[in-house]
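Residue numbers start from 1 in every chain, and the chains themselves are labelled A, B, ... in the order their sequence lines are given, proteins ahead of strands.
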Amino acid sequence: MVTLKLAYKNIIGAGLRTWLNVVVLSFSFVLIIWTQGLYKGMNQQASRAMKEMELGGGQFWHPEYDPYDPLTLEDSHGPIPEELQVLIDKGEAVPILITSATIYPDGRFQTVQLKGILPEQSILGLPTGSLRNGQELPVLIGTRMAKSANLDIGDYFTIRWRDARGVFDAIDGKVVNIFRTTVGAVDRGQIWVPIDRLREMLGMPGEGTIVVIGKDTVVPEKAGDWVFRNLDYLLREIAEVIRTKKVGASIMYALLLSMALLAIFDTQVLSLFRRRKEMGTLMALGMTRGMLIRIFTLEGAFHGILAVLVGAVYGVPLLIWFEKNGWPLPDYADDFGMALGNTLYPIYGAWLVIGTTLLILLAVTIVSFLPTRRIAKLKPTDALRGKIS
Amino acid sequence: MDKAAIITVENVYKSFPMGTGEFTALKEVNLTFGEGEFTGIVGPSGSGKTTLLNIIGSLDVPTKGKAIVMGRNINDLTQKEAADLRNRYLGFIFQTYNLLPVYNVYENVELPLLLLGMPSKERDTAIRQALDWVGLSDKIESRPAQLSGGECQRVAIARAMVKKPKIVLADEPTANLDAKNSHHILRTMEALNRELGTTFIFATHDEKVIRYLRRKVSLEDGKVVADQSMKTQ
Ligand SMILES: Nc1ncnc2c1ncn2[C@@H]1O[C@H](COP(=O)(O)OP(=O)(O)O)[C@@H](O)[C@H]1O
Ligand SMILES: [Mg+2]
């Protein structure tokens, strides 16, 4: 195609200005893919960790259970519905009984959630196997809890709770294991004990607060009056956080992208103005206005293609390196409540790259086309005289 | 008139809007040009030479009257048809050469052939021949900025001639050239006119050009005041 060849020649011949536009455009291109991949990785990494340690394939909740209102915890327990007990017996679900308690490590006191779980379970990634022992009350905690209560493996500490009838009681627990996880929700302020012992302590035989379903288990349609919470519901907060972050980021790259697009628009306007005589000459040689519009639009669009190529030159190795080695997160990132650990692994899917590329090429083409519309009214004689209407 | 008429200008008027009124650049122009002519439209600056060439070249239309080029009435052509007419039958040479700066000599000459959709092998033959006519075979790779004015105008002649058009319209082709270069390009055009039978129409007020003409149409204030056959030396 003649127009394609001419446009290519022109853009390469235009030199420094072209490359300036191309480099700015390629920055925004790589940055968009970079941040999108970062958020995608963030979402997947946090969701995966939470599914593994906390959520499983979804949860059935006692109808009164409300994780945001600790005061309801006393009422939110009941016998496990039969449909769920079947799954539990097959090892496809695990019951958890939750109550609040106070602990007294080193004589200080601290309010915690006391959680009873089946030691034999394999639904969640918690090392509950260590709870299968002994005379004393075995206790499993995470590293954050261990640090805040200053506890170590083998330490004893006092736990005080109220049983089903509202009577206070106390017992000494022994830390049998400390686990490390990125999911703060199963660690911070949480004390894990065997569910049978907790049921005994509370006087709630056979009861539970929630039942976590295995990730490959078929979810029963009904389980008494217990409410099923699927993963979309349980993960909605992360989704919301990431959505907010994405909006913030898109403002940043919308700004960068519009700067790049504005520069291209400006280049187009300038080049149409400076090259009137060239347009007149091309018309005298037999070119139609349509062809001129195509050439000038293509010239602008080439910025986008070059930006994609230039962006690929430094972007591909950069993105691959980060996908492999991850993005180190500072220690305080844990306090944001996202289960990410200390390295974030971005994910750059094919659709993310292809979609962004197409979007940018489209935007560049539109921006390049807009100023060329004035060619449609251009008279060859005016163009040859260096005039433009 | 040498042979069959390929351009007829009948009672042509051309006015341009100017301030509140209008300015009439051509008045009652009647002319016929035959195949193989070597004709100059001669007159002082502002007499309407360029305006007339533009109408013949289908770059502009008359305000009144009609111009028929290669059997087509310029008034009736759409933008695309006019482009097609120029593409096939017309070559232009400008005072300021109007070469495209990002293309080298070869590519500048190639342009009209690309627009004609000629296959690349034929194109190459035609380009080399055209550059041979103007004596620039050794400057194929040069860019316009690396050439002298005379060389640029020779590239422009090659670009106009490469598709062997019926008509070449040359607007003050020697105005920016010194005497030596002017004679050189005029002799080149004269030879091409003889060999290929191409009709050449010049707009000029350059005495050096007038000496080569076989017909001289004199224009004054937009009117044809004389139309003479000339004796070539
Ligand atoms: N597009 C135009 N608009 C207004 N006036 C024009 C235009 N083109 C030419 N003219 C006027 O018409 C007259 C003839 O111009 P032109 O044909 O260029 O003369 P020449 O080529 O003989 O010097 C001049 O006075 C010029 O100013
Ligand atoms: Mg003129």
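For the set Leu169(B), Leu115(B), Leu114(B), the entry with the most heavy-atom pairs within less than 4.5 Å of chain A is Leu115(B). The most heavy-atom pairs under 4.5 Å with chain B, out of Gly290(A), Ala284(A), Pro380(A), Gly280(A), come from Ala284(A).
Rounding to the nearest 0.5 Å places CG of Asp60(B) at 8.0 Å from CG of Asp382(A). Atom CG of Leu384(A) and atom CG of Asn54(B) lie 7.0 Å apart (nearest 0.5 Å). Atom-to-atom distance recorded for Leu100(B):CG and Leu285(A):CG is 7.5 Å, nearest 0.5 angstrom.
Interface residues of residues 81-99 of chain B toward chain A, defined by a heavy-atom distance below 4.5 Å and sorted by number: Ala83(B), Arg86(B), Asn87(B), Phe92(B), Phe94(B), Thr96(B), Asn98(B). Residues of residues 134-167 of chain B lying under 4.5 angstrom from chain A, judged on non-hydrogen atoms, are Arg159(B), Lys163(B) in numerical order.
Within 6.0 Å of OH in Tyr8(A) there are 12 or fewer heavy atoms belonging to other residues, nucleotides or ligands. Within 6.0 Å of CG in Asp221(B) there are 12 or fewer heavy atoms belonging to other residues, nucleotides or ligands.
Heavy-atom distances place the side chain of Leu111(B), and not its backbone, under 4.5 Å from chain A.
Remark: Tyr103(B) engages no residue in a ring-ring contact (aromatic ring centres under 6.0 Å, His included) (not counting sequence neighbours).
Within the structure, the salt bridge (charged side-chain N to carboxylate O under 4.0 Å, His left out) test picks out the following pairs touching residues 295-316 of chain A (sequence neighbours left out): Arg275(A)-Glu299(A).
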